[in-house]
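Along the sequence shown, residues are numbered consecutively beginning with 1. Start at 1 and go down the list; that is how both ligands and their atoms are numbered. Nothing here was measured: the structure is a model prediction, and the numbers come from that model.
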Amino acid sequence: MTENKQVVLDVKHLKKTFGENQVLKDISETVYDGQVICLLGPSGAGKSTFLRCLNLLDEPTAGQVVFNGQDLTALKDKELDLLREDMGMVFQNFNLFPHMTVLENLKLAPMKVKNMSEAEATQIAKKLLAQVGLSDKADEFPNSLSGGQEQRVAIARALAMNPKVMLFDEPTSALDPEMVGEVLKVMQDLAQEGMTMVVVTHEMGFAHNVANQIWFMADGYIQEAASPKDFFEHPQTERAQDFLAKVL
Ligand code: ADP
Ligand code: MG
């Protein structure tokens with residue numbers, strides 16, 4: 001699908017070690033504009049570390065992360081901050097600011113980091129709250145929301161910076177089961193609108209139905225990069241076959 005598509009992220013020979021622990025051994029993969037990648041793999045495989053290396057929350061031990069044509073590993077802090085604004089990140093545990101209303105949570109970064117006027121930030125925040133189905137929660141505080149609502153706010157907050165790519169690290173893992181669907185729905189809508197996304201998830205239905213590509217990570221490598229159909233129906237490696245036997 002990808003030849004005439006723009007490269008958003010180009011990962012080249014990425015390695016990450018913690019002490020003696022070689023977590024990422026040699027990873028080279030490309031993310032194209034509009035692609036939805038689901039990153040699957042057993043616990044401890046290095047999925048979170050990989051995502052954190054993509055925006056340099058973790059500093060790679062070796063290799064490059066090229067984002068929008070710029071090698072992030074070569075940038076100084078200030079330049080890096082600028083590029084990071086174009087990467088939205090959503091974590092397992094929402095991380096909303098508890099002392100701010102939902103609307104204030106969404107307005108903060110656009111006003112502070114992008115010097116957006118309050119009027120414009122408010123307008124964008126309200127549009128995004130409508131998009132995630134939470135217009136009626138604008139003036140509530142996070143602790144009055146359900147987990148699913150909090151996570152939808154967290155997604156809207158990341159979108160408020162108008163990112164070029166969204167990184168999700170197990171966005172539904174901390175949720176009660178009945179709230180998983182509403183968050184996945186928001187993510188699916190986002191994918192359909194063409195957002196470029198890298199999603200670490202254990203939701204195999206989402207991976208199967210929404211991803212353009214599955215990356216299966218184990219033992220420090222991306223063992224398989226394939227279409228969902230190929231990956232789920234014909235996993236090539238024993239590692240992936242074992243994994244699927246456990247999770248499906
Ligand atoms: P996953 O998200 O796939 O479950 P992680 O990326 O969280 O895996 O962890 C992969 C490995 O890296 C684990 O062995 C973990 O202990 C180690 N690790 C992750 N972050 C750190 C850190 N900040 N310091 C030391 N070891 C870490
Ligand atoms: Mg993880």
Return the residue, atom name and 0.1 Å-rounded distance of the protein heavy atom closest to atom 24 (N) of ligand 1. Phe18 CD2, 3.4 Å

Under 3.5 Å, sequence neighbours excluded: what are the donor-acceptor pairs made by side chains of residues 198-207?
residue, atom, partner, partner atom, Å
Thr201, OG1, Glu203, N, 2.9
His202, NE2, Glu170, OE2, 3.3

Select the closest option to atom 17 (C) of ligand 1 among Leu39, Val200, Asn21, judged by heavy-atom distance. Asn21

What is the nearest protein non-hydrogen atom to atom 12 (O) of ligand 1, stated with its residue, atom name and distance? Val23 CG2, 3.1 Å

Closer than 4.0 Å to some heavy atom of Ser43 - which atoms of ligand 1 meet that? 4 (O)

Taking only residues two or more places apart in sequence or in another chain, which ones pass ring-ring contact (aromatic ring centres under 6.0 Å, His included) with Phe232? His208

Sub-4.5 Å side-chain heavy-atom contact between Glu140 and Leu145: yes

Would you mind finding which of Gly220, Ala218, Gly44 brings a heavy atom closest to atom 10 (C) of ligand 1? Gly44

Would the number of heavy atoms belonging to other residues, nucleotides or ligands and lying under 6.0 Å from CD of Glu238 be above 12? no

With backbone taken as N, CA, C and O and side chain as the heavy atoms from C-beta onward, which portion of Thr49 lies under 4.0 Å from ligand 1: side chain, backbone, both, or neither? both

Decide side-chain contact (heavy atoms from CB on, under 4.5 Å) for Phe50 and Val11; before the verdict, give the C-alpha distance in whole Å, the side-chain angles of both, and the deciding distance to 0.1 Å. CA-CA 10 Å; Phe50 178 75; Val11 178; 4.2 Å; yes

Tell me how many protein N, O or S atoms are closer than 2.8 Å to the Mg ion (ligand 2). 1

Considering only heavy atoms, which of Gly46, Cys53, Ser48 lies nearest to atom 7 (O) of ligand 1? Ser48

Is it true that, when you exclude Glu118 itself, more than 12 heavy atoms of the residues, nucleotides or ligands shown sit nearer than 6.0 Å to its CD? no

At a 4.0 Å cut-off, with the gap strictly under it, does some heavy atom of Gly41 reach an atom of ligand 1? no

Among residues at least two apart in sequence or on other chains, which ones pass side-chain hydrogen bond (donor to acceptor under 3.5 Å, both in side chains) with Asn68? none

Judged by modelled atom types alone, do Thr49 and Asp58 share a side-chain donor-acceptor pair under 3.5 Å? no

Contact region, Asp169 to ligand 1, non-hydrogen atoms below 4.0 Å, reads neither

Evaluate whether atom CG of Asp136 has more than 12 neighbouring non-hydrogen atoms of other residues, nucleotides or ligands under 6.0 angstrom away. yes

Is NZ or CZ of Arg157 both nearer than 6.0 Å to the six-membered ring centre of Phe97 and within 45° of the ring axis? yes

